[in-house]
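Below is one structure, written out as structure tokens; the observations come after it.
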Amino acid sequence: MLKRTHRLHELNESLIDKTVVINGWVDRIRNLGGIIFVWIRDRYGVVQVLFQPDTPAYEIAKNLSGEYVIGVEGIVRERPKDAKNVDLASGNIELLAQKVEILAESKTPPVYTNRDEGSEDVRLKYRYLDLRRRSIQYNLIFRHKLIQKTREYLNSNDFLEIETPYLMKSTPEGARNFIVPSRIKQGTFYALPQSPQIFKQLLMIAGFDRYYQVARCFRDEDLRADRQPEFTQIDLEMSFVDQEDVQEMVGNLVKYLFKAVRGIDIGDVPSMQYQTAMELYGSDKPDLRFEMKMENLTSKSFSSKLDFLSPRVEEEVKMIVIPKNDVLSRKALDTYSESAKSSNLRLGWAKFNGENFVGSIGKVLSTVHDLNVKTGETVIICTGKKNDVNTFLGRTRVEIANKIGIIENTFKVLWINDFPMFEWNEEDKRFQAQHHPFTMPYLEDLENHSDDLSKIRAHSYDLVINGWEMGSGSVRIHTRALQERVFKLIGITEEEAKKRFGFFLEAFEYGAPPHAGFAIGVDRLVSVMLGVTSLRDVIAFPKTTSGSDLMMDTPSEVSEDQLKELGIKLEEHR
RNA sequence: GGGGACGUGGUGCAGCCUGGUUAGCAUGCCGGUCUGUCACACCGGUGGUCGCGAGUUCGAGCCUCGUCGUCCCCGCCA
């Protein structure tokens with residue numbers, strides 16, 4: 001076998017006249033009749049090989065085709081002056097082939113390995129070919145660097161990397177678990193972790209003080225472009241710290257990563273209250289790359305005269321001002337009115353032409369003079385239940401910003417603090433923990449609002465970048481009494497708590513240090529740093545939106561014998 | 001669980017609204033010409049159960065219903 005002496009990025013002018021051997025895939029062939037040019041590709045780069053007629057190598061080269069794996073021995077030489085390629089890193093040189101060996105042939109590939117096009121199902125089925133594409137290799141190399149830099153940073157801050165089990169106990173609250181049947185104890189099941197939450201808290205109780213892990217997490221819920229059933233977190237936990245300490249550590253880590261892998265200084269990470277974020281941006285993950293904040297008009301005297309928009313009792317009136325643009329037509333604006341209606345909201349809009357407002361609520365607004373709107377701007381005013389208005393306008397804000405193209409190409413990183421501890425679950429008719437039930441509530445809220453759990457704040461915090469939730473964390477409860485109290489508030493009875501978390505509650509009785517932690521979604525962080533919208537572009541072997549792997553064809557049936565061993569009988573389905 | 005878009009040679013797309021003779025384009029692949037190309041160019045050719053099933057019709061890639069798959073969104077995701 002012709003074994004390489006150099007990898008492709010290593011070929012440059014310094015090797016001119018030297019004999020080298022390279023290995024790689026045939027990327028492209030240009031057969032000019034007399035001579036043949038072949039681009040060879042490996043992980044590191046692309047180099048042009050020249051085959052000249054009347055040589056043994058030339059005769060073999062005539063039979064080459066795309067994606068063949070070959071070895072070439074040849075002499076590195078400078079390209080003729082007018083034949084250099086400035087677009088190619090190795091464009092000043094080429095390899096004059098003397099020997100060539102075909103190491104593996106290839107059928108015509110069903111995906112383009114040298115172009116970013118093709119339907120995703122075919123690409124996922126032949127993922128190993130899709131992964132040959134330059135852009136996805138770049139993404140995975142970027143991801144590698146980011147994880148290495150993370151380890152470097154956390155190690156230098158005395159964090160210990162400790163692994164925790166993937167086969168664990170099913171936990172009730174939160175996302176649905178993937179479950180794994182036990183063969184040895186038939187009829188019982190493991191669950192795959194939604195996160196290493198309990199383990200990392202136990203590590204704190206054990207005294208490890210600063211822990212981290214690049215952990216895989218599993219959640220059996222419906223998928224989205226930004227959600228995979230298994231995903232990776234940089235999971236960390238610290239003892240004898242408060243919220244500020246964790247945020248400083250994580251904020252500096254993120255800052256370090258942006259600098260180290262993207263060369264960008266994001267500055268210090270500012271904080272915003274959850275309530276503020278909802279009030280101004282209608283979202284707990286506001287995108288701060290553009291303005292268009294919501295303005296609350298409820299108390300303005302003209303609000304009650306807003307015709308069909310005027311608020312009823314307990315309703316709010318809110319406005320966003322859209323910058324001057326030629327993109328939003330009357331028809332486009334009317335669709336927002338329509339979709340507001342389906343959310344039980346009322347929405348009107350009007351464009352300010354310098355003197356008057358023109359639009360569905362133009363007449364009323366033309367009598368108002370303190371709206372602070374500039375010529376050419378459009379206002380959207382929405383009325384309805386507070387939460388609905390916030391959510392709807394928040395979503396509309398982002399949609400419009402995308403449409404009219406006002407989103408700056410930058411990174412806006414921030415903390416969202418003081419999330420509500422509990423949220424009402426309409427389906428189960430009970431309150432549940434919004435973050436998770438191990439989160440430390442504000443103790444004064446707990447005393448003052450025992451009648452209304454929705455008013456209790458938690459020491460929990462999210463990291464948000466460009467409108468994406470990058471991770472979340474909290475100060476944890478570290479006493480048995482408080483943990484039991486929180487369980488009780490979310491309707492977990494004493495016996496239930498004992499059965500599910502007894503070992504954990506017991507651990508609190510043997511000296512549990514105050515602790516807090518965080519987890520960063522690696523897939524999302526890499527995506528946002530690279531500016532790609534789908535997690536699939538930063539994961540080597542991702543799943544589809546229905547949770548299957550098109551290459552392996554999973555999930556799939558297992559044999560009768562396997563089921564029998566597990567003591568499992570399938571019901572007839574479909 | 002709900003809504004939307006898509007499914008046509010190996011691959012990417014057009015054709016469907018308004019049903020009708022041979023399903024079009026690009027690329028790939030095969031053959032030919034070509035000694036400085038770089039998405040080489042030019043000439044010729046090969047390649048399609050129009051996802052699957054049913055229905056309407058004299059006739060379905062096109063219309064209807066169902067089904068499977070992919071993508072996007074809502075619910076869901078502590």
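In what follows, every chain begins at residue 1, and chains take the letters A, B, ... in the order their sequences are listed. In what follows, every heavy atom counts, from backbone to side chain, and hydrogens, waters and symmetry copies are set aside. Everything numeric in this text was worked out from a predicted model, so none of it was measured.
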**A:Arg227 (side chain) and B:C77 (base): donor-acceptor pair under 3.5 Å** = yes

**Asked** Using the C1' atom in both, what is the distance from B:G51 to B:A5, to the nearest Å?
**Response** 16 Å

**Message:** Suppose we screen for side-chain contact (heavy atoms from CB on, under 4.5 Å). Which residues come up paired with A:Asp222, at least two apart in sequence or across chains?
**Reply:** none

**Request:** State, without any angle test, whether A:Thr113 and A:Glu67 hold a side-chain donor-acceptor pair at a distance under 3.5 Å.
**Result:** yes

**Item:** Side chains of A:Asn390 and A:Lys318, donor plus acceptor under 3.5 Å
**Value:** yes

**Message:** Please report the distance separating the C1' of B:C25 from the corresponding atom of B:U64, rounded so that it comes out in whole Å.
**Reply:** 30 Å

**Message:** Using the P atom as the point on both nucleotides, what is the distance between B:G15 and B:G9, in whole Å?
**Reply:** 15 Å

**Integer angstrom distance from the C1' of B:U11 to that of B:U56** = 35 Å

**Request:** Return the set of residues passing salt bridge (Lys or Arg N to Asp or Glu O under 4.0 Å) with A:Arg397 (not counting sequence neighbours), or none when no residue passes.
**Result:** none

**Fill in**
Scanning all shown strands, the Watson-Crick or wobble mate of B:C40 with both distances under 3.5 Å is none

**Residue whose nearest RNA chain B nucleotide is more 5′ - A:Ser195 or A:Asp222** = A:Asp222

**Request:** Output all residues satisfying salt bridge (Lys or Arg N to Asp or Glu O under 4.0 Å) with A:Asp537, sequence neighbours left out; order by chain, then residue number.
**Result:** none

**Request:** Identify the nucleotide, in any strand shown, that forms a Watson-Crick or G-U wobble pair with B:C29, with both distances under 3.5 Å; if there is none, say none.
**Result:** B:G45

**Request:** Could you tell me the separation between the NE2 atom of A:His436 and the C1' atom of B:C77, rounded to a whole number of Å?
**Result:** 15 Å

**Request:** Could you tell me how the ring of A:Tyr126 sits relative to the ring of A:Tyr128: parallel (under 30°), tilted (30 to 60°) or perpendicular (over 60°)?
**Result:** perpendicular

**Prompt:** Expressed as a whole number of Å, how far does the C1' atom of B:G53 sit from that of B:G7?
**Reply:** 15 Å

**Side-chain ion pair, A:Lys285 and A:Asp462, N-O less than 4.0 Å** = no

**Complete:** The Watson-Crick or G-U wobble partner of B:C16, with both key distances under 3.5 Å, is none

**Request:** Determine the interplanar angle of the A:Phe438 and A:Phe504 rings, folded into 0 to 90°, and report it as parallel if under 30°, tilted if 30 to 60°, perpendicular if over 60°.
**Result:** perpendicular

**Asked** Please give, in whole Å, the distance from B:U70 P to A:Arg224 CZ?
**Response** 15 Å

**Prompt:** Under 30°, 30 to 60°, or over 60°: which ring-plane class applies to A:His478 and A:His515, parallel, tilted or perpendicular?
**Reply:** perpendicular

**Prompt:** When you check the side-chain N and O atoms of A:Glu13 and A:Asn92, is any donor under 3.5 Å from an acceptor?
**Reply:** yes

**Request:** Give the rounded distance in Å between these two atoms: CG of A:Leu64 and P of B:C29.
**Result:** 12 Å

**Request:** Using the C1' atom on both, measure B:C72 against B:U21 and round to a whole Å.
**Result:** 40 Å

**Message:** By the 4.0 Å heavy-atom rule, please label A:Arg536 as base, sugar-phosphate, or nothing.
**Reply:** sugar-phosphate

**Interatomic distance where CD belongs to A:Glu423 and P belongs to B:G75 [whole Å]** = 12 Å

**Message:** Whether A:Arg127 engages the ring of A:Phe541 as a cation-pi pair (distance to the six-membered ring centre under 6.0 angstrom, angle to the ring normal within 45°) should be assessed.
**Reply:** no

Enumerate all atom pairs, one protein N or O and one N or O from nucleotides 2-11 of chain B, separated by less than 3.5 Å.
| unit_1 | atom_1 | unit_2 | atom_2 | d |
| --- | --- | --- | --- | --- |
| B:U11 | O2 | A:Tyr112 | OH | 3.2 |

**Prompt:** Which base, if any, makes a Watson-Crick or G-U wobble pair with B:A54, both distances under 3.5 Å?
**Reply:** B:U64

**Asked** How would nucleotides 35-48 of chain B be written as a contact map, 5' to 3', with B for base contact, S for sugar-phosphate-only contact and - for no contact, using protein heavy atoms under 4.0 Å?
**Response** BBBBBB--------

**Length of the line joining A:Ile36:CD1 and B:U33:P, which is rounded to integer Å** = 13 Å

**Message:** Work out how far the P atom of B:U27 is from that of B:C38, and round it to whole angstrom.
**Reply:** 15 Å

**Prompt:** Will you find, in the side chains of A:Asn417 and A:Gln247, an N or O donor that is under 3.5 Å from an N or O acceptor?
**Reply:** yes

**Partner nucleotide, any strand, of B:G69 [Watson-Crick/G-U, under 3.5 Å]** = B:C6

**Asked** What's the CG-C1' distance between A:Asp537 and B:C71, to the nearest Å?
**Response** 13 Å

**Prompt:** With a 4.5 Å limit on heavy-atom distance, are the side chains of A:Leu453 and A:Trp424 in contact?
**Reply:** no

**Request:** Please measure how far the C1' atom in B:C63 lies from the corresponding atom in B:C74, and state the result in whole Å.
**Result:** 30 Å

**Asked** Going by heavy atoms closer than 4.0 Å, what residues in residues 542-554 of chain A are next to RNA chain B?
**Response** A:Thr544, A:Thr545, A:Ser546, A:Ser548, A:Leu550

**Message:** Could you tell me how far apart A:Glu105 (CD) and B:C29 (P) are, to the nearest whole angstrom?
**Reply:** 14 Å

